[in-house]
Amino acid sequence: GESVGLHLPTLSVQEGDNSIINCAYSNSASDYFIWYKQESGKGPQFIIDIRSNMDKRQGQRVTVLLNKTVKHLSLQIAATQPGDSAVYFCAETVGGSEKLVFGKGMKLTVNP
Amino acid sequence: GAVVSQHPSWVICKSGTSVKIECRSLDFQATTMFWYRQFPKQSLMLMATSNEGSKATYEQGVEKDKFLINHASLTLSTLTVTSAHPEDSSFYICSATRLAGGSSTDTQYFGPGTRLTVL
């Protein structure tokens with residue numbers, strides 16, 4: 001079946017470091033990918049998205065890379081700040097569906 | 001823009017009672033709203049997809065008679081957990097997509113979630 005998973009359940013970094021959060025997906029028909037940030041007790045917050053016809057997309061301090069060959073997605077956060085501490089989820093849609101399939105999540109802790 | 005609210009933010013109820021959770025898009029009209037459930041330290045699981053004026057589509061394993069969804073307008077969807085039991089205790093989150101996007105992959109904007117505790 002469809003699945004979206006993360007390689008690392010937890011990541012601890014020092015303030016100012018760059019963080020990389022990885023995600024693997026299994027469905028070659030996945031066509032849209034999103035990264036969400038979820039702080040404790042809150043709903044997911046949109047960070048950045050990328051469609052399957054792209055390899056890279058940049059936002060403010062964040063970059064998403066998509067490697068369709070190996071079905072791998074990554075989120076890079078530059079100059080990580082304590083406010084970036086949260087759980088990060090990758091999510092995908094398949095074949096133009098409006099339904100989001102979420103990965104398991106990874107907790108990022110930024111140490112001051 | 002694209003703010004989604006939920007009410008209440010948390011609720012505690014007795015086993016056997018029903019609880020209604022509201023999801024509102026505050027500054028846009030939503031073609032579709034989604035309801036998710038999230039258990040502690042787990043990911044979001046889609047429960048159902050709700051379109052204004054039509055019946056909700058439930059995911060496999062989600063009881064439609066237990067989780068009643070009403071999407072009365074383009075800015076409001078409600079989820080009613082009927083005859084709640086302790087195992088229904090969870091974090092319920094809604095999301096909404098804009099009306100004018102024109103794409104099935106329009107960004108979903110999430111509400112802040114509702115923490116349900118059933119005693």
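Chain naming here is simple, since letters A, B, ... match the order of the sequence lines and numbering starts at 1 in each.
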K.L.:
Is it the backbone or the side chain of Gln6(B) that comes under 4.5 Å from a heavy atom of chain A, or both, or neither?
P.N.:
neither
K.L.:
Got a second to check how far Phe89(A)'s CZ is from Gln38(B)'s CD, nearest 0.5 Å?
P.N.:
5.0 Å
K.L.:
Does a sphere of radius 6.0 Å around NZ in Lys20(B) hold more than 12 heavy atoms from other residues, nucleotides or ligands, not counting ones at 6.0 Å or beyond?
P.N.:
no
K.L.:
Below 4.5 Å from any heavy atom of chain A, which atoms of Leu46(B) appear? Answer side chain, backbone, both or neither.
P.N.:
side chain
K.L.:
Please check: side-chain N/O of Gln108(B) versus main-chain N/O of Glu98(A), any donor-acceptor pairing under 3.5 Å?
P.N.:
yes
K.L.:
With clusters defined by side-chain heavy atoms of hydrophobic residues (ILVMFWY) lying less than 4.5 Å apart, directly or transitively, does Met33(B) cluster with Met45(B)?
P.N.:
no
K.L.:
What part of Gln45(A) gets within 4.5 angstrom of chain B, counting heavy atoms only: side chain, backbone, both, or neither?
P.N.:
neither
K.L.:
Are any side-chain N or O atoms of Ser43(B) and backbone N or O atoms of Gly105(A), one a donor and one an acceptor, separated by less than 3.5 Å?
P.N.:
no
K.L.:
Between Leu76(B) and Leu74(B), is there shared hydrophobic-cluster membership here, with clusters defined by ILVMFWY side-chain heavy atoms closer than 4.5 Å?
P.N.:
no
K.L.:
When you group the ILVMFWY residues by side-chain heavy-atom contacts below 4.5 Å and let the links chain together, are Leu66(A) and Leu75(A) in the same group?
P.N.:
yes
K.L.:
Test of understanding: clusters of I, L, V, M, F, W, Y form through side-chain heavy atoms closer than 4.5 Å, transitively. Do Leu65(A) and Ile48(A) belong to the same one?
P.N.:
no
K.L.:
Just wondering, are more than 12 heavy atoms of other shown residues or ligands nearer than 6.0 Å to NE2 in His7(B)?
P.N.:
no
K.L.:
Give the intermediate values and the outcome of side chain to side chain contact (heavy atoms under 4.5 Å, CB included) for residues Leu100(A) and Tyr36(B).
P.N.:
CA-CA 10 Å; Leu100(A) 282 174; Tyr36(B) 295 83; 3.7 Å; yes
K.L.:
Find the distance between NZ (Lys99(A)) and CZ (Phe34(B)) and round it off to the nearest 0.5 Å.
P.N.:
9.0 Å
K.L.:
Is Ser9(B) in contact with chain A via its backbone, its side chain, both, or neither, using a 4.5 Å heavy-atom distance?
P.N.:
neither
K.L.:
Are Ile69(B) and Phe91(B) joined in one hydrophobic group, where the rule is that I, L, V, M, F, W and Y side chains link up if heavy atoms are under 4.5 Å apart?
P.N.:
no
